[in-house]
There are 2 protein chains.
Amino acid sequence: MKRSLDELAETLTHIDDRELMARFLQELLTAREAERISGRWEIVKRLSEGLPQRRIAEELGLSLCNITRGSRELRRRDSAIRTILEREGYTPIPPDESGP
Amino acid sequence: MKRSLDELAETLTHIDDRELMARFLQELLTAREAERISGRWEIVKRLSEGLPQRRIAEELGLSLCNITRGSRELRRRDSAIRTILEREGYTPIPPDESGP
DNA sequence: ACCGGTGTTTCTATAACCAGAAACAGGACC
DNA sequence: GGTCCTGTTTCTGGTTATAGAAACACCGGT
């Protein structure tokens, strides 16, 4: 259910300690999931810096299908990932003007 | 890399808005991953309440292999999940006394 | 016009995670 | 002793996300 994810999201907002958050993630995720998810985070960070997708794939040892996925999210006008990236000091590319 | 997960963890600690956190998760996770992960969260919540594992499996439509996994984490003395559950008002079962 | 770089999509094979069932050991109760 | 409920582990098959390669269209420079 979506409700469950909302509750988990709220719980995460209550965690302010970086180290506790990291341990919490490692316990809740499988090792491979942690790799995949943090890999996606690296992807969107690099995409927001304007790096070419093929170079990102090389650097991270990931496949292009992931990059496309991340770039789709970044292009959405109301993307939460873009909002977070801005707050973290990254400079995201502008949203797609020719929106849906 | 583990370093990436630490960075993601730190970013998560900067998000205080529940709704933004939920959207961020939905964009960063696949639909199935979100189901699985929030399912695990439901599992440990119910485990901490002392519900029988088979009843949890029934209620959530999940298999016992997941429950065992969660219960293993909860038994660890330095479990981050237990720490979080306590903060959220749940009353986790005590850690395994015959620890490693 | 050509060519190199770009973003995007599609294909097949592989590996991770899980459902469902079964089996085992331990304890409580009668 | 027998029975039931409990937690735990193991097995097989199926689903899901990905890697790696290939193909397409677009654009700018020469």
Side-chain angles (χ1 to χ4, degrees), chain A residues 1-2 4-5 8 25-77 79 81-82 92-100, chain B residues 1-2 4-5 8 25-77 79 81-82 92-100:
Chain A
M1 288 195 222
K2 189 163 172 306
S4 298
L5 193 65
L8 177 59
L25 292 182
Q26 285 177 1
E27 293 177 12
L28 202 59
L29 305 176
T30 69
R32 304 312 189 284
E33 280 171 347
E35 280 179 25
R36 289 177 183 178
I37 294 167
S38 58
R40 287 177 209 148
W41 180 235
E42 291 294 325
I43 286 175
V44 292
K45 281 197 296 185
R46 282 165 171 74
L47 278 175
S48 77
E49 290 168 343
L51 285 173
Q53 297 191 2
R54 280 177 178 79
R55 184 136 149 260
I56 298 177
E58 263 185 280
E59 281 183 16
L60 299 178
L62 298 173
S63 187
L64 277 177
C65 48
N66 293 294
I67 321 282
T68 301
R69 187 177 188 284
S71 109
R72 248 196 306 260
E73 289 296 344
L74 282 184
R75 275 206 313 272
R76 290 182 43 232
R77 207 186 309 274
S79 164
I81 289 183
R82 275 187 48 241
I93 56 182
D96 195 350
E97 295 297 341
S98 62
Chain B
M1 293 194 217
K2 191 165 171 303
S4 298
L5 192 67
L8 177 58
L25 292 182
Q26 285 178 358
E27 294 177 11
L28 204 58
L29 306 176
T30 68
R32 305 311 189 285
E33 279 170 348
E35 281 178 24
R36 289 177 183 177
I37 294 167
S38 59
R40 288 179 208 145
W41 180 236
E42 292 294 325
I43 286 175
V44 293
K45 282 196 295 185
R46 283 165 171 75
L47 278 175
S48 76
E49 290 167 345
L51 285 173
Q53 298 191 3
R54 280 177 178 78
R55 187 137 147 259
I56 299 176
E58 261 186 281
E59 282 184 14
L60 299 179
L62 297 173
S63 185
L64 277 178
C65 48
N66 294 295
I67 321 281
T68 301
R69 186 177 190 286
S71 109
R72 249 197 305 260
E73 289 295 343
L74 282 183
R75 275 206 313 272
R76 290 183 43 231
R77 206 186 309 274
S79 164
I81 290 182
R82 276 187 47 241
I93 56 181
D96 194 351
E97 295 296 342
S98 62

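Order of the sequence lines sets the chain letters (A, B, ...), proteins ahead of strands, with each chain counted from 1. Just so you know, these numbers use all the heavy atoms, side chains as well, and skip hydrogens, waters and symmetry mates.
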(request) May I have the distance from R69(A) (atom CZ) to dA19(D) (atom C1'), rounded to whole angstrom? (result) 15 Å

(request) Please confirm whether any donor atom in the side chain of R54(A) sits under 3.5 Å from an acceptor in the base of dG5(C), or the reverse. (result) no

(message) Return whichever of P52(A) or A31(A) has its heavy-atom-nearest nucleotide of DNA chain C closer to the 5' end.
(response) P52(A)

(request) State, with a plain yes or no, whether a side-chain heavy atom of I56(B) is found less than 4.5 Å away from one of L62(B). (result) no

(request) Mind checking T68(B) for me? I need base, sugar-phosphate or nothing, with any heavy atom below 4.0 Å counting as a touch. (result) base

(request) Would you kindly check whether a donor in the side chain of S63(B) faces an acceptor in the base of dG20(C), or vice versa, at under 3.5 angstrom? (result) yes

(message) Distance check needed: dG20(C) P versus I67(B) CD1, whole Å only.
(response) 12 Å

(message) Does a side-chain N or O of N66(B) approach OP1 or OP2 of dC17(C) to a distance below 4.0 Å, or not?
(response) no

(message) Check the phosphate of dT8(D) against Q53(B), side-chain N and O only, distance under 4.0 Å to OP1 or OP2. Yes or no?
(response) yes

(message) From CG of L64(A) over to C1' of dA21(D), roughly how many Å is that when rounded to an integer?
(response) 10 Å

(message) Whether the side chain of S79(A) engages the backbone of E73(A) through a donor-acceptor N/O pair (distance < 3.5 Å, no angle test) should be reported.
(response) yes

(request) Find the distance I43(A):CD1 to dA17(D):P and express it as a whole number of Å. (result) 15 Å

(message) Please list all pairs meeting salt bridge (charged side-chain N to carboxylate O under 4.0 Å, His left out) that have one or both residues in residues 25-34 of chain B, counting only residues at least two apart or in different chains.
(response) R40(A)-E33(B), R76(A)-E27(B)

(request) Please work out if L62(B) contacts a base, only the sugar-phosphate, or nothing of the nucleic acid, heavy-atom cut-off 4.0 Å. (result) sugar-phosphate

(request) Please report, rounded to the nearest Å, how far the C1' atom of dC18(C) is from the CZ atom of R40(B). (result) 10 Å

(message) Output the rounded distance in Å from CZ (R32(A)) to P (dA17(D)).
(response) 17 Å

